[in-house]
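Single-structure report; data block below.
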Amino acid sequence: MSDKLQSIKGFYDILPADTALWQRLEDAAQRVLAQYGYRNIRLPIVEPTELFIRGVGEHTDIVEKEMYSWEDKLNGDRLTLRPEGTAGCVRAVVEHSLTYNGPQRLWYIGPMFRHENVQKGRQRQFHQIGAEAFGYTGPDVDAEQIAMLARLWSELGVADAVELQLNTIGDAAERAEYRQVLIRYFEQHADTLDDDAKRRLHANPLRILDSKNPAMQAMIEAAPKLLDSLGEESRAHFAGVTHQLDQLGVKWTLNTRLVRGLDYYNRTVFEWVTSKLGSQGTIAGGGRYDSLVQSLGGKETPACGFGIGLERVFLLMQECGIEASNSPDVYLVNVGDVASKAALTVAEALRDTGLSVNLHAGGGSFKSQMKKADQSGAPYALILGDDEVAANEVCLKPLRENGEQRRMSLSQAIEALHR
């Protein structure tokens with residue numbers, strides 16, 4: 001016997017026992033996105049490597065350490081499995097001139113890929129829903145996207161388990177000035193920096209602020225604040241965001257160390273976090289990226305977006321006791337030669353009325369079929385024997401609550417199942 005093949009480390013199967021909760025999450029997200037006027041765009045999984053180098057940032061962890069990249073054997077092109085969705089969405093907007101006739105609100109869903117240390121809530125193939133708004137300059141879209149996520153958490157039943165952390169990182173010129181201030185500060189504390197911080201010191205010093213190293217926390221906490229380097233326009237934009245969130249009743253916490261891990265962000269940045277998932281507590285994050293479209297070949301276009309980590313939201317829903325079922329409405333038991341031939345017609349008649357039906361196939365005794373009916377999770381079994389076919393009737397038996405088995409016409413059974 002040959003060895004059993006297994007999935008690649010960090011790439012996993014989502015089994016039927018979990019897909020009902022996944023579908024509940026995805027359906028709720030798509031419903032909320034539609035309420036806010038976002039339209040779906042389908043993006044390829046493979047993109048040119050250069051897209052992420054230019055878009056995400058050459059000195060980010062994603063580009064330096066985490067991308068799955070290779071050279072195409074046919075033409076030598078450098079290709080990459082997408083590690084995030086924003087760069088690909090911007091590429092599509094530029095390539096197809098989607099903003100030619102005005103602003104766009106777009107969303108996408110699908111797998112992303114990063115070569116990371118595998119742990120709970122962090123896989124090498126993971127799934128995201130992303131939303132991107134192009135052509136909007138004011139703080140209202142920033143606030144609206146945050147409010148949209150707040151509405152989603154309420155619909156999913158996890159609103160009490162999440163917290164919004166908010167910050168502003170200003171514009172490029174302000175950030176460049178702050179970058180030099182930060183480098184000088186960290187150089188004065190070089191003995192405290194770990195190897196990762198030393199590597200980032202001159203390439204991406206803002207990322208040091210996001211370090212979780214306990215030995216560096218006091219030093220980071222005392223670092224100069226980016227807010228002190230912001231100009232009047234950036235301050236006004238952030239004030240506009242916070243004012244609108246307050247008007248909407250969306251609670252937020254200022255986190256001056258929040259910078260996000262991608263180079264394209266400016267001004268507003270935010271994360272929705274939870275304490276229920278340990279170190280993988282960020283379930284969604286995003287912000288404004290007004291220069292990315294132009295840097296990828298398009299016209300100057302303001303933009304704002306976010307990504308939702310579906311695996312982490314799924315785990316949070318489980319932690320909060322949220323359940324979903326993919327059980328059928330009815331399990332159709334059929335015993336006897338005549339009944340087995342009539343069962344398919346009966347099942348189709350039930351489905352015509354919108355019911356989901358698990359039709360027993362493969363024969364078996366009445367006892368074994370009833371056992372499978374119970375295992376299916378269906379609330380009812382519809383029993384069809386040769387005698388029932390002859391009488392043009394069926395038997396309806398409750399499986400999840402007390403109640404007697406009743407013999408009735410098919411139309412009466414359908415009416416009872418729809419109650």
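Counting begins at 1 with the first residue of the sequence. For the numbers below, each heavy atom of this structure counts, side chains included, while hydrogens, waters and symmetry mates do not.
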Which residues share a side chain to side chain donor-acceptor pair (under 3.5 Å) with His243, sequence neighbours left out: none

Those residues that, when tested against Ala87, pass side chain to side chain contact (heavy atoms under 4.5 Å, CB included) (two or more places apart): Leu51, Phe52, Glu84

Pairs meeting criterion salt bridge (Lys or Arg N to Asp or Glu O under 4.0 Å) with involvement of residues 226-252, two or more places apart: Glu233-Arg267

Exam field: side chain Asn255 to backbone Leu166, donor-acceptor pair closer than 3.5 Å: no

Residues which pass side chain to side chain donor-acceptor pair (under 3.5 Å) with Trp22, listed by chain and number, not counting sequence neighbours: none

For Tyr12, the option from Glu311, Arg124, Gln125 that meets side-chain contact (heavy atoms from CB on, under 4.5 Å): Glu311

Test side chain to side chain donor-acceptor pair (under 3.5 Å) applied to Arg312 - qualifying residues, sequence neighbours left out: Gln280

Salt bridge flag under 4.0 Å for residues Arg184 and Glu187: no

Sidechain N-carboxylate O distance under 4.0 Å for Arg24, Asp27: no

Any donor-acceptor N or O pair under 3.5 Å, side chains Tyr136, Gln145: no

Side chain Thr80, main chain Ser69, donor-acceptor under 3.5 Å: no

Non-hydrogen side-chain atoms of Ile41 and Leu98 separated by less than 4.5 Å: yes

Any donor-acceptor N/O pair, Gln294 side chain to Thr301 backbone, under 3.5 Å: no

Worked verdict on Leu81 versus Val46 for side chain to side chain contact (heavy atoms under 4.5 Å, CB included): CA-CA 5 Å; Leu81 287 172; Val46 177; 4.0 Å; yes

Gln369 side-chain N/O to Asn334 backbone N/O, donor-acceptor pair under 3.5 Å: yes

Results of salt bridge (Lys or Arg N to Asp or Glu O under 4.0 Å) for Glu163 - residues two or more places apart only: none

Ala173 backbone acceptor or donor facing Asp171 side chain under 3.5 Å: no

Flag, side chain of Glu174 to backbone of Gly231, donor-acceptor distance under 3.5 Å: yes

Check: Tyr108 main-chain N/O paired with Tyr38 side-chain donor or acceptor under 3.5 Å: no

Backbone of Ser295 reached by a side-chain donor or acceptor of Arg54 within 3.5 Å: yes

Sequence neighbours excluded - salt bridge (Lys or Arg N to Asp or Glu O under 4.0 Å) pairs with any residue from residues 147-160: Arg31-Glu155

Verdict with supporting geometry, Thr256 and Asn167, side chain to side chain donor-acceptor pair (under 3.5 Å): CA-CA 6 Å; Thr256 58; Asn167 194 23; 6.0 Å; no

Residues Thr353 and His418: side-chain donor-acceptor under 3.5 angstrom: yes

Residues which pass salt bridge (Lys or Arg N to Asp or Glu O under 4.0 Å) with Arg400, listed by chain and number, not counting sequence neighbours: Asp374

Partners meeting side chain to side chain donor-acceptor pair (under 3.5 Å) with Tyr178 (sequence neighbours left out): none

Aromatic ring pairing His360/Tyr331, orientation class (parallel under 30°, perpendicular over 60°, tilted between): tilted

Residue list, side chain to side chain contact (heavy atoms under 4.5 Å, CB included) with Glu401, at least two apart or on another chain: Tyr380, Pro398

Verdict with supporting geometry, Leu417 and Asp329, side chain to side chain contact (heavy atoms under 4.5 Å, CB included): CA-CA 8 Å; Leu417 288 167; Asp329 295 319; 5.8 Å; no

Any donor-acceptor N/O pair, Thr274 side chain to Ala161 backbone, under 3.5 Å: yes

pair Leu254-Leu227: side-chain heavy atoms closer than 4.5 Å: yes

Any donor-acceptor pair under 3.5 Å from Arg82 side chain to Leu43 backbone: yes

All side chain to side chain contact (heavy atoms under 4.5 Å, CB included) counterparts of Lys371, not counting sequence neighbours: Gln375

Salt bridge (Lys or Arg N to Asp or Glu O under 4.0 Å) partners of residues 274-301, not counting sequence neighbours, each pair once: Asp142-Arg288, Arg288-Asp290

